[in-house]
Amino acid sequence: MINLKDVLKDAQTIGISGHVHPDGDCIGATLGLYNYIKDNYPMKNVRLFLEEIPDVFNFLHRSEEIVHGTTDDAFDLYFVMDCSDELRLGDYAKHLQNTTHTVCVDHHKSNKLDTEYAYVVPDASSTSELVYNLLPKEAVTKEIAECLYTGIVHDTGVFQYSCTAKSTMEAAGFFMEKGIDYSSIVERTYFEKTFAQNRILARAVLRANLWHDGEIIISYLTREEMAEFDATPQDLDGIVNQLRITKGVEVAVFLYETGDGEFKASLRSKSRVDVSEIALKFGGGGHLRAAGATMKGEAEEILTMLLPEITKRLEKGND
């Protein structure tokens, strides 16, 4: 573990970034750290760079201060959060070239970032839990607690996934004692869906098919379908998890088109398949039970590449 106080001590200009298409954990972890530095080091110049975040996270403290573009400015210190490689940083990877000291805080098994300081724990529930471990507990305000609790909720599936540990529940309990409205956070950011989200989910479920005696479920959406339902990539969050909870399914695969001949593949498993190994084989990465990759080709072509890899691991597990 790194000593955050020592790392911050001499830095006057500080940048923070997370991965492209930021999810709940990325948003919660980066905002949690950002708020801590703003609260406790008011003389330092700190900026948080992220792509546009879903509206449901706008209640988080200082979310309106997130910078969505890049800069040519130099930084004394730069934090890369919840991100396993420079490609996943998108346009913000350029900031690392103008930085004196770099820090990575992450929980991806596939992490391959080369930074001066690193706190990478693949077995951790979330990057938000790692940020909690780094912060002095007396400095965790209600606002910081809301950010980090939100991140943990999203990367543990509301404490249902196997990555949830005793330490995760202890962190959540600490945040609850800060007076956060924990039930509202879960409802508003995890369960509540817009009409567009429900419609596009229904389309994905109707498209779904079962393979390998019902142990694999697959579905995909094209850009034309997303446009028909007035859905954005942010509206697709949660679809692969909904597929995963189908009775008898071990692995869920969901694809959505991001460009001509390019799809984002999301993979989830319940207990027997390490989907990060599969994603890594196709240039992606992730966690034991949740991973993804961007792949070239048409949806059916991509599925013909993914399905044998999943089937091989299922059959190996049944030996």
Between [Y] and [X], is the closest basic N to carboxylate O distance under 4.0 Å?
| X | Y | answer |
| --- | --- | --- |
| Asp274 | Arg289 | no |
| Glu65 | Arg47 | no |
| Lys296 | Glu301 | no |
| Asp39 | Arg62 | yes |
| Glu143 | Lys178 | no |
| Asp260 | Arg223 | yes |

Under a 3.5 Å cutoff, is there a donor and acceptor pairing between the side chains of [X] and [Y]?
| X | Y | answer |
| --- | --- | --- |
| Glu129 | Thr168 | yes |
| Glu262 | Thr294 | no |
| Thr127 | Asp82 | yes |
| Asp25 | Ser128 | yes |

- Message: What I'd like to find out is whether the side chain of Ile53 reaches to under 4.5 Å of the side chain of Ser63, using heavy atoms alone.
- Response: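 Ile53 vs Ser63: side chains touch.
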- Query: Below 4.5 Å, heavy atoms only, C-beta onward: do Leu89 and His19 meet side chain to side chain?
  - Reply: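 No, side chains not in contact.
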For [X] against [Y], the heavy-atom pair lying closest together:
| X | Y | value |
| --- | --- | --- |
| Arg207 | Tyr220 | NH1-O, 2.7 Å |
| His107 | Ser125 | CE1-O, 3.3 Å |
| Glu309 | Lys281 | OE2-NZ, 3.0 Å |
| Leu288 | Ser269 | O-OG, 3.8 Å |
| Leu243 | Ile217 | O-CG2, 3.6 Å |

- Query: Which residues satisfy the side-chain hydrogen bond (donor to acceptor under 3.5 Å, both in side chains) test with Asp237, sequence neighbours excluded?
  - Reply: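 Checked Asp237 against side-chain hydrogen bond (donor to acceptor under 3.5 Å, both in side chains); zero matches.
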- Over 60° means perpendicular and under 30° means parallel, so classify the ring planes of His101 and Tyr117, tilted if in between.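 If you compare the ring of Tyr117 with that of His101, the planes turn out tilted.
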- For the residue pair Tyr78 and Phe75, does the interplanar ring angle fall in the parallel (under 30°), tilted (30 to 60°) or perpendicular (over 60°) class?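 Answer is perpendicular, since the angle exceeds 60°.
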- Message: Testing Val251, Ile216, Leu267, Thr311 one by one against Val273 for a side-chain contact (heavy atoms from CB on, under 4.5 Å), which residue passes?
- Response: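 Exactly one option meets the side-chain contact (heavy atoms from CB on, under 4.5 Å) with Val273, and it is Val251.
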- Item | Pair Tyr34-Phe79, ring pair (Phe, Tyr, Trp, His ring centres under 6.0 Å): steps then yes or no | CA-CA 10 Å; Tyr34 178 75; Phe79 288 89; over 10 Å; no
- Task: Show your reasoning for whether ring pair (Phe, Tyr, Trp, His ring centres under 6.0 Å) applies to Tyr161 and His154.
- Result: CA-CA 10 Å; Tyr161 298 162; His154 279 260; over 10 Å; no
- Between Lys264 and Phe254, is NZ or CZ placed under 6.0 angstrom from the six-membered ring centre and within 45° of the ring axis?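 No, Lys264 does not lie over the aromatic ring of Phe254.
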- Heavy-atom count around Asn58 CG within 6.0 Å, excluding the residue itself: above 12?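 Enclosed.
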